[in-house]
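The structure appears below as structure tokens.
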Amino acid sequence: MSPQMGDSHRRFLQTIMANGIISEREASSLYRHCCETHKTQHTPDKLDEFIDTINSKLQPMFMQIRKGMCEDSGHQHYALVNTAMTDVTRMSSDYTDNELELFRKTMDLIVASESGTTSSTDILNSADTMSSKKLKKSEAEHLLNRLVHDKWLNEKHGEYTLSTRCIIEMEPYIRTMYQDQVKLCQICHNIAFQCQICDNPKCCIKIHNPCVAKYFKGRTEPRCPACDDFWPHEIPEVRQPHSQSKR
Amino acid sequence: GKEKATQMFAEGNAFNPTIFAERLLSFMGLNRLEDGEDEQQNGHAADGYLPQDAWHRLARRAESCFSTAPSFHYMIGSFHAEPPPPKQRTE
Amino acid sequence: TVVERKHPHELTSQVQRGLEKVSPAQVDQKVTAEVVQFMLVKDQKKIPIRRADLIKHVVKEYRNIYPEIMRRAARTFDQVFGLKLVEIDTKNHMYILVNRLERAEGPVSRSPSNTKTGLLFVILGVIFMKGGVVKENVIWSTLKKLRVHTGEKHDEFGDVKKMVTDEFVRQRYLEYVRIPHTEPVEHEFRWGQRADVEVSKAKMLEFMGQLYEQDPQSWSQQYREAHPPSSSQAGPSSQR
Ligand SMILES: [Zn+2]
Ligand SMILES: [Zn+2]
């Protein structure tokens with residue numbers, strides 16, 4: 001029997017629901033806040049058990065609070081995700097069918113690219129090849145802004161990447177739909193977009209930038225964990241959890 | 001019943017939306033351009049500009065009056081799963 | 001909730017008969033998965049959920065046990081999400097979800113604040129303070145003073161007139177009704193059924209007091225309306 005939910009759990013769930021995704025640090029302080037508000041016991045290192053209790057009640061509704069890493073900072077995040085694909089879930093009204101088609105095309109471009117990014121120009125060009133009702137350029141630009149605002153995409157200097165929220169929720173979908181194209185990180189075994197790639201053409205393994213930082217920390221001559229070739233890329237610093245994290 | 005309505009109406013008349021708007025503008029952080037200038041001319045609101053986050057400021061405070069349910073948003077499951085087009089790029 | 005009030009704990013014989021045909025697990029599945037999911041999806045735009053749509057899209061052949069399904073859905077919303085399922089229109093059978101948890105300032109904001117709430121506060125506030133009904137001109141001129149002009153595209157709200165008279169009305173925050181025998185056509189605004197359930201007049205008056213640097217009790221009639229002597233008022237949160 002899983003433990004019962006209390007108002008502290010419900011408040012925690014509501015806050016994640018309203019935000020879509022929160023960082024581990026935010027989750028920890030939110031956990032404390034929810035327990036204090038409803039005067040229940042707070043055990044700092046039991047956050048994941050607290051979330052498991054919520055998840056056991058969410059599971060029949062095909063919802064889940066799922067943990068995942070931000071490819072940029074390496075920090076853990078929690079997102080509330082949908083796990084079903086049914087006639088009911090397709091009634092979602094946030095985006096129209098042609099907007100969703102352009103989002104899928106954007107994903108195609110990002111997954112197919114070496115760098116895990118795609119430019120706004122490429123996205124706008126692919127809008128011309130849509131099978132559903134075409135989006136005007138201004139509509140497509142507006143849609144990209146909304147997708148960033150709703151935390152499905154990240155944007156930096158006109159380059160778009162999949163957000164942490166998107167990767168956490170879409171991971172099973174991406175693994176199935178793009179199985180020939182997508183690669184897993186050699187270290188953490190999650191799908192990798194923002195990463196370094198082994199130069200050995202027979203190897204080509206991928207490692208997330210934050211995973212590179214952690215794995216090679218303190219090693220004088222970095223070597224590929226798969227083929228043992230010299231790892232030629234710059235080794236980034238391990239990021240402290242205090243710095244602002246990107247979602 | 002009727003008496004209450006009449007009284008309410010009388011007090012309702014006393015409530016002046018123009019003054020209400022003035023109070024709201026101050027709350028929203030209106031930057032008045034010139035102090036001492038006649039603030040109301042022909043019923044028009046005072047000059048000045050509202051900061052970028054003016055409506056956010058008001059919304060944050062007003063939310064305490066609302067017990068709105070959070071809503072659930074997701075991406076997966078909102079469209080039919082279709083395999084991506086055959087890969088065109090070569091590596 | 002209204003749902004429970006309308007359908008007393010005793011199951012009707014028709015429902016009983018319906019329940020005998022399907023296993024409890026099937027009913028549970030139907031309730032927890034589809035009805036709750038459907039309502040959460042429909043609540044994304046804050047438009048009330050119609051019973052007819054529920055039956056058409058999810059309940060389907062289980063319509064004979066509809067009251068039991070709704071009772072279980074209401075319990076799930078209450079026990080898992082801390083939300084209340086309320087039937088706001090018993091004639092047309094429409095439901096909304098409202099929060100039953102008191103607001104509390106936390107380390108993570110409840111939501112990225114929605115500026116529409118500010119706009120709604122202004123409109124509902126004027127209607128409430130003016131005794132429950134106002135002519136539309138009063139609202140438009142108040143908004144104009146706040147630099148929101150109907151007929152112009154506003155940076156934050158776009159087409160304001162459409163948002164107020166269409167979106168807010170469909171969401172049931174507002175009622176927008178034509179005043180008979182007026183030429184040119186005139187309308188008046190009242191609180192909608194959603195506002196009655198979701199918005200606290202007491203808290204609104206508290207904010208008024210803050211804006212006017214004045215004791216909320218000095219608006220005696222509004223204060224009495226916000227604090228009725230019996231605790232019979234609708235509203236998801238206890239209004240002290
Ligand atoms: Zn990794
Ligand atoms: Zn290698």
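All chains are named by letter (A, B, ...) in the order of the sequence lines, taking the proteins before the strands, and each is independently numbered beginning at 1.
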- Check each atom of Met63(A) against the heavy atoms of chain B and say whether the ones under 4.5 Å are side chain, backbone, both or neither. side chain
- Contact origin within Ser78(B) toward chain A - heavy atom pairs under 4.5 Å: both
- Task: Using non-hydrogen atoms and a 4.5 Å limit, figure out which bit of Tyr95(A) sits close to chain B: side chain, backbone, both or neither.
- Result: side chain
- Do Phe79(B) and Tyr173(A) pass the ring-ring contact (aromatic ring centres under 6.0 Å, His included) test, and can you show the C-alpha distance, the side-chain angles, and the key distance before you say yes or no? CA-CA 11 Å; Phe79(B) 49 80; Tyr173(A) 175 89; 5.8 Å; yes
- Message: Please determine whether a side-chain nitrogen of the Lys or Arg among Lys134(A) and Glu139(A) lies less than 4.0 Å from a carboxylate oxygen of the Asp or Glu.
- Response: no
- Item | Heavy-atom proximity to chain B below 4.5 Å, by part of Asn82(A) | both
- Can you list the steps and then say if Arg66(A) with Glu171(A) is a salt bridge (charged side-chain N to carboxylate O under 4.0 Å, His left out)? CA-CA 11 Å; Arg66(A) 199 183 286 161; Glu171(A) 164 129 27; over 6 Å; no
- Give, as side chain, backbone, both or neither, the part of Leu13(A) having an atom under 4.5 angstrom from any heavy atom of chain B. neither
- Query: Val111(A) versus chain B, heavy atoms under 4.5 Å apart: side chain, backbone, both or neither?
  - Reply: neither
- Item | salt_bridge(Arg146(A), Glu99(A)) N-O dist < 4.0 Å | yes
- Message: Check this for me, if you would: do Lys105(A) and Asp108(A) make a salt bridge, where the nitrogen-to-carboxylate-oxygen distance has to be below 4.0 angstrom?
- Response: no
